[in-house]
Amino acid sequence: MPNSWIITNGRIIDPAGGRDEQGDLYIIDGRVAAVGAAIPPDAGRIEAEGCWVTPGLIDMHTHLREPGEEYKEDILSGARAAAAGGFTGIACMPNTTPVNDCAAVTNFIVDRARQAAVRVYPIGAISRGSKGELLADFGELKEAGAVAVSDDGKPVVNSQLMRRALEYASDFGLPVISHCEDIYLGQGVMHEGPVATRLGLRGISTAAEAVMVYRDIALAEWTGLAVHIAHVSTAQSLALIRAAKERGVQVTAETAPHYFTLTEEAAAGYDTNAKMNPPLRSEADREAIREALADGTLDAIATDHAPHSCLEKDCEFELAANGIIGLESALPLSLNLVAWGILSPMRLIELMALNPAKILGLPAGTLQSGAPADITIIKAGQPFTFSEADICSKSRNTPFLGRQLPGRAVLTMVGGEVRFQKGLL
Ligand code: DOR
Ligand code: ZN
């Protein structure tokens, strides 16, 4: 297939250039070119009437499970799931076995990712083995290709270590992504509220998240350095982040589609596909997250794609692993926010492409001339029922099977090469 294309009659949405208009997009040799540029004779043509043409979506929070738990997911299967969901780039968390805390593991991921359907950006660990004791070697991680550091899956319990991590990471231009959870307050299996009481399950209060969100804001404020808060789930955290941003603190934050779609009620039948960390919260929290996506308190939508097999999920709620897959359902669920009038299409693309690229410092998220042709074509108004046939991941742990969703990605292009398409070519 060619890697020069003319994509015609689409609605081109490019938040970096403030552009939202009907038009054609030219791609020459894998890069975005000016409209009207001399296009090679073998260029392909894609008719995109009725579709959005956007910069490729970037997921800044994916768990790929390789090395170590390839029966749940591997780098190639995760990347296929990403392409099917409209993502052209994914940043993978280091909580693999072994943990990605050194160049050997990062090099392995980068090497495997050469065969992957989308760009894979490794995130290195903050501490060795993510044990929270000694910092990992950030210089070595950066040199091997890590784009950020995080101990995601666990909080950095020691506040002094977290402060040093912010300082050390800033020397290498590495963003620090924080999993905010007070582990002593966080000893439960779902949101602490009426549903947990009814089910007889141990609860996790919203304070378990807020305490750490505020700790990280305090550290960012004191040091003048940046911190990114992963998977925000509560109104209380949002109030802290909003106030910190007003004071000029360099804090950015993401949420995941399940937090603006579901509530604690999803766990009412002991469905382990409604178990994740942080947990699904109250109706008021869900409402606050929707508002924060619209008003700029939240900067990004990330999937927290967390594949687990039936071995970890077909069991008692208390014992089940935390997390759900998200790469294939994230965009369709997020399109609901546009359908409901909460977000404009432009704002949605900012949350799913431009801002994640900016936070991670990636050369992506824009359709400006000369940019790599990482492009997603979206049919926002083509309702479908989410089913197993839509899943490319090795795992099936999602509460969204059977759900009617408003639209989806129909083509995913990386560097001018079509890596996924559904009924468009
Ligand atoms: O639900 C979750 N799953 N939360 C995390 O923080 C980790 C993740 C995983 O790795 O499964
Ligand atoms: Zn996490």
Side-chain angles (χ1 to χ4, degrees), residues 59-75 78 81 90-100 122-127 129-130 132 148-157 162 175-183 185-191 204 208-209 212-213 216 227-234 237 253-259 261-262 264 266-267 271-281 300-313 315 317-327 329-330 393-400:
D59 183 21
M60 62 182 301
H61 192 143
T62 306
H63 297 273
L64 288 179
R65 308 301 189 208
E66 184 179 5
E69 290 181 310
E70 293 84 354
Y71 68 100
K72 298 182 180 185
E73 196 78 284
D74 59 40
I75 291 166
I90 53 180
C92 57
M93 284 296 174
N95 64 337
T96 46
T97 313
V99 168
N100 180 15
I123 297 173
I126 289 174
S127 64
S130 285
V149 289
S150 180
D151 273 354
D152 183 62
K154 295 180 188 172
V156 176
V157 172
M162 188 63 172
V176 178
I177 302 174
S178 182
H179 168 117
C180 288
E181 176 186 0
D182 180 305
I183 49 166
L185 291 171
Q187 291 177 9
V189 296
M190 70 172 294
H191 174 62
I204 302 170
E209 183 174 300
M212 283 301 239
V213 169
D216 287 343
V227 70
H228 177 81
I229 313 290
H231 44 55
V232 173
S233 71
T234 79
S237 301
E254 73 191 33
T255 192
H258 34 283
Y259 301 116
T261 306
L262 302 174
E264 58 189 329
D271 179 3
T272 59
N273 284 330
K275 183 179 179 188
M276 63 279 293
N277 186 23
L280 298 169
R281 301 288 187 179
I301 296 173
T303 67
D304 202 358
H305 179 81
H308 292 292
S309 79
C310 52
L311 296 174
E312 295 85 18
K313 284 293 199 180
C315 60
F317 198 92
E318 288 265 352
L319 300 178
N322 282 308
I324 61 171
I325 58 168
L327 286 166
S329 54
S393 169
K394 283 189 185 179
S395 293
R396 293 284 179 277
N397 53 313
T398 168
F400 297 118

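Every number for a ligand or one of its atoms is a count from 1 in the order of the listing.
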Can you confirm, on distance only, whether ligand 1 has an N/O atom lying under 3.5 Å from any N/O atom belonging to P278? no
E254 side chain vs M60 backbone, donor-acceptor pair below 3.5 Å: no
For atom 10 (O) of ligand 1, the closest protein heavy atom turns out to be N95 ND2, 2.8 Å
Could you verify whether a donor N or O on one side chain and an acceptor N or O on the other, from S395 and E73, lie under 3.5 Å apart? no
Record the part of I324 in heavy-atom contact with ligand 1 below 4.0 Å; permitted values are side chain, backbone, both and neither. neither
Run the ring-ring contact (aromatic ring centres under 6.0 Å, His included) test against H61 and tell me which residues pass, sequence neighbours left out. H63, H231
K394 side-chain N/O to S309 backbone N/O, donor-acceptor pair under 3.5 Å: no
Identify, by atom number and element, the atoms of ligand 1 in contact range of H308, meaning under 4.0 Å from any of its heavy atoms. 11 (O)
Under 4.0 Å to a heavy atom of M276 - the qualifying atoms of ligand 1, by number: 1 (O)
With sequence neighbours left out, the residues meeting salt bridge (Lys or Arg N to Asp or Glu O under 4.0 Å) with E70 are none
Please name the residue in the list T303, T62, N273, N397 that meets the side-chain contact (heavy atoms from CB on, under 4.5 Å) test with I325. N397
Donor-acceptor check, side chain of D151 to backbone of I126, threshold 3.5 angstrom: yes or no? yes
When distances are taken from atom 3 (N) of ligand 1, the protein heavy atom at minimum range is N322 O, 3.2 Å
Check if R65 has a non-hydrogen atom at a distance under 4.0 Å from any atom of ligand 1. yes
Numbered in order shown, the ligand 1 atoms found under 4.0 Å of a heavy atom of H179 are 6 (O)
Out of all atoms in ligand 1, which are within 4.0 Å of some heavy atom of N277? Include the element for each. 1 (O), 2 (C), 4 (N), 5 (C), 6 (O)
Residue, atom and distance of the protein heavy atom nearest atom 8 (C) of ligand 1 read H63 NE2, 3.7 Å
Taking S150 for its side chain and I177 for its backbone only, find out whether a donor-acceptor pair lies under 3.5 Å. yes
Sorted by chain and residue number, which protein N/O/S atoms are under 2.8 Å from the Zn ion (ligand 2)? D152 OD1, H179 ND1, H231 NE2
K313 side chain vs H308 backbone, donor-acceptor pair below 3.5 Å: no
Which protein non-hydrogen atom lies closest to atom 7 (C) of ligand 1, naming both residue and atom, and how far is it? G153 CA, 3.8 Å
Within the distance-only criterion (no hydrogens, no angle test), does the side chain of S178 pair as donor or acceptor with the backbone N or O of I229 below 3.5 angstrom? no
Please list all pairs meeting salt bridge (charged side-chain N to carboxylate O under 4.0 Å, His left out) that have one or both residues in residues 59-69, counting only residues at least two apart or in different chains. E66-R112, E69-K72
